[in-house]
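Report on the following structure.
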Amino acid sequence: MKAWTYITTNKPNGVLYTGVSSELKYRTESHKNKKYKNSFSARYNTDKLVYYEEFDSIIEARAREKQIKAGSRKKKIALIEAFNPEWKDLYKDLE
């Protein structure tokens with residue numbers, strides 16, 4: 001089963017949220033629609049998908065999520081800018 005580690009934000013260089021999902025498009029929609037009203041992503045409006053990586057298992061995706069979360073903000077920004085230099089919302093590109 002495929003899984004993704006992803007980063008969402010509210011604006012370029014804004015608040016960052018790192019997560020993991022087995023259904024990236026649905027999860028991104030949940031962020032956009034603020035499905036979980038009291039969640040971090042709803043409070044800080046982190047609804048723009050700016051980075052993602054695909055894995056063959058949820059275990060690999062979770063391990064990568066922990067690795068990204070353990071890194072500095074500077075490393076997260078460098079990761080995003082290498083993948084998506086314009087910080088565009090990648091949600092539209094998901095199938």
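For clarity, every value in this text was computed on a predicted model and none was experimentally measured. Below, each value reflects all heavy atoms present in this structure, side chains not excepted, and no hydrogens, waters or symmetry copies.
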Handout entry: Heavy-atom closest pair, residues Met1 and Ser22
Key = SD-CB, 3.7 Å

Please say yes or no: joined through hydrophobic side-chain contacts below 4.5 Å, possibly via intermediate residues, are [X] and [Y] part of one cluster?
| X | Y | result |
| --- | --- | --- |
| Tyr6 | Leu94 | yes |
| Ile68 | Trp4 | yes |
| Val20 | Tyr17 | no |

First locate atom [atom1] of [X], then atom [atom2] of [Y], and finally report the distance between them rounded to the nearest 0.5 Å.
| X | Y | atom1 | atom2 | value |
| --- | --- | --- | --- | --- |
| Arg43 | Lys37 | CZ | NZ | 14.0 Å |
| Glu23 | Ser30 | CD | OG | 9.0 Å |
| Ile7 | Lys48 | CD1 | NZ | 15.5 Å |

Practice task
Please collect all side-chain hydrogen bond (donor to acceptor under 3.5 Å, both in side chains) contacts where either partner lies in residues 58-71, sequence neighbours excluded, each pair once.
Solution key: Glu53-Arg64, Ser57-Glu60, Arg64-Gln67, Glu65-Lys69

So for atom [atom1], which belongs to [X], do other residues, nucleotides or ligands contribute more than 12 heavy atoms lying within a distance under 6.0 Å?
| X | atom1 | value |
| --- | --- | --- |
| Asn38 | CG | no |
| Tyr44 | OH | no |
| Phe40 | CZ | yes |

Exercise for the section: Evaluate the criterion side-chain contact (heavy atoms from CB on, under 4.5 Å) for residue pair Thr28 and Tyr52; output intermediate values, then yes/no. Expected result: CA-CA 11 Å; Thr28 304; Tyr52 61 89; over 6 Å; no

Only distances under 3.5 Å count here; give the side-chain donor-acceptor pairs of residues 78-88 to other protein atoms, sequence neighbours excluded, each with its distance to 0.1 Å.
{"unit_1": "Glu81", "atom_1": "OE2", "unit_2": "Trp87", "atom_2": "NE1", "d": "3.2"}
{"unit_1": "Asn84", "atom_1": "OD1", "unit_2": "Trp87", "atom_2": "N", "d": "3.3"}
{"unit_1": "Asn84", "atom_1": "OD1", "unit_2": "Lys88", "atom_2": "N", "d": "3.2"}
{"unit_1": "Asn84", "atom_1": "ND2", "unit_2": "Val50", "atom_2": "O", "d": "3.1"}
{"unit_1": "Asn84", "atom_1": "ND2", "unit_2": "Lys88", "atom_2": "O", "d": "2.8"}

Handout entry: Exercise: do Asn45 and Lys34 side chains pair donor with acceptor under 3.5 Å
Key = yes

Handout entry: Check: Lys25 and Tyr91 side chains under 4.5 Å, non-hydrogen atoms
Key = yes

Exercise for the section: Please check if the side chain of Asp89 supplies one atom and the backbone of Leu49 the other of a donor-acceptor pair under 3.5 Å. Expected result: yes

Handout entry: Ser39 side chain to Ala42 backbone, donor-acceptor under 3.5 Å
Key = yes

Handout entry: From Thr46, Leu16, Thr18, residue fulfilling side-chain contact (heavy atoms from CB on, under 4.5 Å) relative to Thr8
Key = Thr46

Handout entry: Working for side-chain contact (heavy atoms from CB on, under 4.5 Å), residues Ser21 and Tyr26
Key = CA-CA 9 Å; Ser21 179; Tyr26 172 78; over 6 Å; no

